[in-house]
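See below for the structure under consideration.
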Amino acid sequence: MFPEIRKKLGFGMMRLPTGDDGVDFEALKPLVDHFIAHGFNYFDTAKGYHNGQSETAVKLCVAQRYPREKFLLTDKLSHNFFKTEADIRPLFERQLADCGVEYFDFYLCHAITRGTWGQYIDCRALDILRELKAEGKIRHIGLSFHDMPEFLEEILAAHPEIEAVQLQINYVDYDDAGVRGRGNLEVAKKYGKPVMVMEPVKGGVLTRLPDEARAVFDRLGGSTASYAIRYAASFPEVTCVLSGMGTMEMVRDNVSYMEDFKPLDRTERAAVERVREILKARDDIPCTACRYCTPVCPRDIPIPDLFNDYNLKKAYDGWNSSFYYGVHTRDHGKASDCLLCGACERECPQHIPIRDHLKEVAKQFEGGK
Ligand code: SF4
Ligand code: SF4
């Protein structure tokens with residue numbers, strides 16, 4: 001474990017407050033201040049978040065305003081920002097400069113799947129990260145992982161230099177065949193690797209529960225997000241749970257129950273199980289809105305937006321889903337424009353059969369095309 005991570009909640013810098021020009025740095029500063037004032041110290045960014053503005057937000061809102069020992073920072077080596085071995089070091093140095101720091105506490109190979117890992121191996125990424133660690137520019141090397149437990153085991157067995165693993169854990173997907181949260185957590189535990197959790201609220205889905213599910217938590221008190229985040233944090237091998245926080249209301253809520261964290265008790269676990277049953281009974285598409293699929297689509301189909309419209313329609317019978325389907329497809333491709341090329345599915349960390357689902361989406365919103 002990493003004792004330097006003082007509390008089990010991390011500030012995910014991927015859903016920050018925004019305005020007309022992108023991230024609203026002035027709006028973010030008080031959120032950061034509240035978080036740090038209550039003893040939290042872990043921040044997580046990546047070059048691709050907010051089109052590069054997340055790293056700038058780290059510099060302007062955290063690094064330039066707090067002494068370095070007051071915060072821990074995780075950044076990532078993302079496969080879409082390097083092509084060759086020679087690209088990695090300059091990219092890394094640029095990330096340090098963009099964040100305004102001299103070193104990263106954690107530096108992760110980002111969004112690893114069988115499809116992306118070969119690029120890291122071919123480019124000797126781990127050798128370079130080990131060199132950077134020896135130079136004092138990385139404290140700990142890690143991995144953010146989106147594939148099956150068998151593959152995680154292959155990697156951890158071959159690369160003992162990986163010290164931590166970032167995994168998707170949420171109470172809906174924990175046993176899901178496409179995500180395998182439980183299996184991956186068990187592999188991390190077997191190899192003694194502390195776990196950081198991403199997507200505890202499933203890209204926000206678990207904060208927007210249908211009435212029947214919300215009522216289960218309402219009877220206990222506490223926000224819908226609180227049960228999702230505490231669920232993930234209750235696993236002993238979990239060191240830190242990331243939450244993307246875009247408003248002061250979210251920061252205050254998260255801080256209120258994570259400052260003095262207590263694992264879910266038996267009654268709360270039963271409530272979570274009931275909510276999981278309610279949600280699983282609904283025919284939704286398990287998209288986390290990571291948007292890895294959209295840049296590769298030749299028809300410019302806004303896949304996660306259309307899936308969200310579909311999920312809202314199904315889960316909430318949302319009266320305005322059709323309206324938003326029109327908004328989302330006004331300047332972009334529609335579900336029925338899909339060429340069935342499959343490029344999107346190769347990028348999807350959730351292994352979603354996107355083409356099949358787009359046919360359902362077209363049927364729902366375009367009248368059976
Ligand atoms: S399969 Fe369809 S949605 Fe996926 S990349 Fe190809 S055209 Fe786009
Ligand atoms: S379909 Fe897959 S890759 Fe695309 S946004 Fe959803 S989870 Fe991400």
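Keep in mind that the numbers below use all heavy atoms, side chains included, and drop hydrogens, waters and symmetry copies. When a ligand or atom number is given, it counts from 1 through the structure's own listing order. Predicted model only: the values in this text are computed from it and were never measured.
Of all protein heavy atoms, the one lying nearest to atom 1 (S) of ligand 2 is Ile354 CD1, 3.7 Å. Atom 8 (Fe) of ligand 1 has as its closest protein heavy atom Cys297 SG, 2.4 Å. Considering only non-hydrogen protein atoms, atom 4 (Fe) of ligand 1 sits nearest to Cys344 SG, 2.3 Å. Of the protein's non-hydrogen atoms, the one nearest atom 6 (Fe) of ligand 1 is Cys341 SG, 2.3 Å. For atom 7 (S) of ligand 1, the nearest protein heavy atom (residue, atom name, distance) is Leu339 N, 3.3 Å. Nearest non-hydrogen protein atom to atom 3 (S) of ligand 1 is Leu358 CD1, 3.5 Å.
Ranked by closest heavy atom to atom 2 (Fe) of ligand 1, the top entry among Cys338, Pro295, Pro298, Cys293 is Cys338.
At a 4.0 Å cut-off, not a single heavy atom of Pro286 sits close enough to ligand 2 to count as contact.
Residue-level proximity to ligand 1 for Asp337 is absent, since no heavy atom of it falls below 4.0 angstrom.
Relative to the six-membered ring of Phe71, Arg68 meets both conditions, a distance below 6.0 Å and an angle of at most 45° to the axis.
Considering all non-hydrogen atoms of both residues, Lys7 and His38 come closest at CE-O, 3.4 Å.
Summarising the local packing, CD of Glu4 is surrounded by more than 12 heavy atoms from other residues, nucleotides or ligands at distances under 6.0 Å.
Put simply, Cys348 stays out of reach of atom 4 (Fe) of ligand 2, with no N, O or S atom under 2.8 Å from it.
Less than 4.0 angstrom separates some heavy atom of Pro304 from each of these atoms of ligand 2: 5 (S).
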